[in-house]
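What follows is a set of notes on a single structure, which appears directly below.
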2 protein chains.
Amino acid sequence: MKRLPPLKALQAFEAAGRHLSFSAAAAELHVTPGAISQQVRQLEDSLGMRLFRRLNRAIELTDAGRLILPPVSRGFNQFNDALTLLQQYRSAGPLTITAPASLVSNWLIPRLQRFKADYPDIDVRIDTSNRLVDFIHEDIDVGVRFGDGEYPDLDSTHLFSYELIPVCAPQLMRQGPGLREISDLARYTLLHGDYRDLDAAFPDWTMWLKVVGAEDIEAERGIFFSQADQLFQAVVDGQGVGLLANVMAEPEIAAGRLVQPFAISLPVRMSYHVVTSPAKASWPRVRAFRDWVLAESAGLRTRGRTLSDESGRRD
Amino acid sequence: MKRLPPLKALQAFEAAGRHLSFSAAAAELHVTPGAISQQVRQLEDSLGMRLFRRLNRAIELTDAGRLILPPVSRGFNQFNDALTLLQQYRSAGPLTITAPASLVSNWLIPRLQRFKADYPDIDVRIDTSNRLVDFIHEDIDVGVRFGDGEYPDLDSTHLFSYELIPVCAPQLMRQGPGLREISDLARYTLLHGDYRDLDAAFPDWTMWLKVVGAEDIEAERGIFFSQADQLFQAVVDGQGVGLLANVMAEPEIAAGRLVQPFAISLPVRMSYHVVTSPAKASWPRVRAFRDWVLAESAGLRTRGRTLSDESGRRD
DNA sequence: CTTTTCACTTTAGTTTTTCTAATATGAAAG
DNA sequence: CTTTCATATTAGAAAAACTAAAGTGAAAAG
């Protein structure tokens with residue numbers, strides 16, 4: 001393989017030769033006309049030959065330029081063909097999605113059939129993990145991640161915020177000592193999740209009671225769960241009143257399997273984000289999924305006031 | 001035309017894919033293996049896809065890599081084809097040479113037939129000018145220039161040095177007052193060229209007489225010529241003793257048309273150089289001419305001692 | 001005519017990309 | 001084991017590309 005001239009310069013020449021205009025080439029390549037002028041000159045210098053004849057306000061190819069334009073164009077067309085092949089290859093396999101297990105089972109799976117209805121050609125493979133997988137090397141196309149939205153080298157879009165809302169089983173409201181005032185909570189078992197490993201500032205009953213001004217109620221009572229699933233199950237079973245994530249609680253409330261005694265929820269600094277590698281962000285199937293999941297999330301709205309609503313009104 | 005990935009990265013991928021080795025690709029492209037590694041990674045990132053599977057001490061193409069290698073290779077082959085076309089185009093027209101008129105008529109033309117004999121396929125066009133022509137834009141392939149060898153942006157090789165040697169017509173030696181000792185010069189007409197526009201330090205009779213220790217002879221006598229041709233003609237005509245350039249004098253001395261009464265010549269700071277644009281320096285026909293002209297010049301040797309010889313022996 | 005406009009050119013300086021050198025890694029070969 | 005070999009990784013240096021702004025010169029417009 002013999003030594004090639006600078007490839008950028010070849011590209012500038014090809015575009016300029018095709019348009020017979022430096023300005024048009026510049027527009028196509030998203031650079032200034034000056035850049036094209038310099039690149040073409042550089043190519044001419046490196047070949048030791050003029051490729052364009054500069055006229056007053058136009059250019060035309062010299063014999064040498066006219067001679068090599070076709071093969072050079074064919075070369076770039078081959079590159080385009082290669083890209084097209086890749087795109088087809090990409091569309092062939094399943095769309096691989098990674099998301100936290102809890103979100104997958106409580107939120108994603110229930111509505112995935114709607115996605116399949118909208119995009120019957122896209123097969124979906126779901127990878128449940130909390131690792132920040134390498135989106136290129138582990139062959140993951142798009143993910144949902146819970147965090148602060150700072151994902152270096154990744155494209156991320158806020159999906160929905162995370163709030164803790166107090167919920168309990170409906171029969172607990174009826175059978176228990178009565179749950180109308182916040183002070184009534186003192187006579188109920190509090191169900192706690194242990195989120196400390198996620199974020200030291202993650203809100204809990206202590207904070208919720210403080211926010212509603214019921215610091216006299218002891219927060220540290222009740223049962224602690226290390227798994228979100230266990231906490232969820234305990235709440236559904238009517239073992240007490242728990243603070244559940246909006247994502248998990250919403251469908252249950254809507255279905256009547258849980259009730260929300262007090263319309264005050266705690267917003268959490270971290271939230272859910274749709275995440276993908278920049279290179280894949282423009283893939284049609286990735287955009288399709290991202291847009292779909294964002295549209296779906298628009299249905300998830302806070303039922304009551306959040307902490308920030310409260311503080312907003314108190315100012 | 002859709003947006004292409006970085007072309008250098010494509011090139012690195014192509015070479016690596018062809019050799020199935022980053023090191024071999026690095027050698028081919030004259031870079032370090034690290035550079036290839038980075039370029040391939042950059043391409044993978046920009047495509048959002050792995051192209052190579054890294055094994056212990058080898059690499060292999062992934063499906064995606066295997067898919068796009070052929071069209072990418074074809075693309076680069078097209079570029080090579082374009083270069084080959086250009087080379088053929090170049091070999092078609094005449095080899096255009098530029099050289100000072102005096103050198104052309106006295107030195108180049110007489111031996112050009114030998115060049116034509118060696119390279120019958122190369123037609124030669126000679127441009128006699130002293131301008132430092134633009135070697136790309138004026139369509140000049142190679143030139144001979146007289147100067148100090150400092151030609152920015154040009155490739156130059158020393159051809160032969162320039163010396164002024166005292167010569168006269170043979171009949172002047174016989175018919176005149178006698179020319180055996182340097183002091184005899186006092187009775188001869190001195191023929192001068194006017195080289196002051198070339199270089200203020202250009203040597204002349206004054207300097208020659210000083211070098212040989214004959215400062216008592218008045219140097220400013222005789223006839224001054226502004227054109228080298230006129231001086232040459234006057235010397236040949238036997239009008240006096242002149243200082244002629246070795247290039248002009250040598251053939252005449254060899255032919256017996258001139259004699260060199262004293263074997264002391266004056267070296268000149270400036271000399272002849274074969275000059276070409278870097279881009280054209282590797283063209284076969286340009287190299288052929290350059291090598292030929294250098295070989296021819298090897299025949300041109302100083303007959304007597306030069307000033308530097310003298311000063312060397314006196315130290 | 002004179003003025004404006006249009007496309008390319010030129011230059012200096014900034015930004016981006018590419019490369020090297022040095023070091024690391026990890027598995028196979030000796 | 002130890003060495004060797006091919007690739008990976010990093011920081012920093014070197015080279016290339018690009019922009020912005022001013023320039024040129026001829027056709028088009030007035």
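Convention: sequence-line order gives letters A, B, ...; per-chain numbering from 1. Quick caveat, the model's predicted, so the values are computed rather than measured.
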If you apply the rule side chain to side chain contact (heavy atoms under 4.5 Å, CB included), what do you find for V142(A) with V293(A), and how did you get there? CA-CA 11 Å; V142(A) 61; V293(A) 87; over 6 Å; no
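- Between P6(B) and S37(A), the one whose closest nucleotide on DNA chain C sits nearer the 5' end is S37(A).
- For S21(A) and dA7(C), the shortest distance from a side-chain N or O to OP1 or OP2 is not below 4.0 Å.
- Rounded to whole angstrom, the span from the CG atom of L61(B) across to the P atom of dT7(D) amounts to 12 Å.
- Ring centroids of Y272(B) and W107(B) are separated by 6.0 Å or more, keeping the two rings apart.
- When the nearest nucleotides of DNA chain D are assigned to R57(A) and A9(A) by heavy-atom distance, the more 5′-ward of the two goes with A9(A).
- We find that CG of D45(A) is positioned 13 Å from P of dA17(D), with the value rounded to whole Å.
- Within a 6.0 Å radius of CZ in R66(A), other residues, nucleotides and ligands contribute more than 12 heavy atoms.
- To the nearest angstrom, P of dA16(D) lies 7 Å from CD of Q42(A).
- Counting only heavy atoms from C-beta on, V31(B) has its side chain closest to dC19(C) among dC8(C), dC19(C), dA26(D).
- Note: F79(A) and F79(B) meet the aromatic proximity criterion, with ring centroids under 6.0 Å apart.
- Rounded to a whole Å, the CG atom of L29(A) is 12 Å from the C1' atom of dC18(D).
- Between the C1' atom of dT10(C) and the CD atom of Q39(A) lies a distance of 15 Å, rounded to the nearest Å.
- Across all strands, I59(B) comes closer than 4.0 Å only to sugar-phosphate atoms, never to a base (heavy-atom distances).
- Between N56(A) atom CG and dC6(C) atom C1' the separation is 10 Å, expressed in whole Å.
- For the OP1/OP2 pair of dT9(C) and a distance below 4.0 Å, the side-chain nitrogens and oxygens of R41(A) include no atom meeting the criterion.
- Atom-to-atom, CD1 of I36(A) to P of dT10(C) comes out at 15 Å; the value is rounded to the nearest Å.
- Here T32(A) lies in heavy-atom contact (under 4.0 Å) with a base.
- Nearest heavy atom pair, residue T98(B) against residue R145(B), reads OG1-NH2, 2.9 Å.
- No N or O donor and acceptor, one from the side chain of Q38(B) and one from the base of dT7(D), sit under 3.5 Å apart.
- The separation between R54(B) atom CZ and dA6(D) atom C1' is 12 Å, rounded to whole Å.
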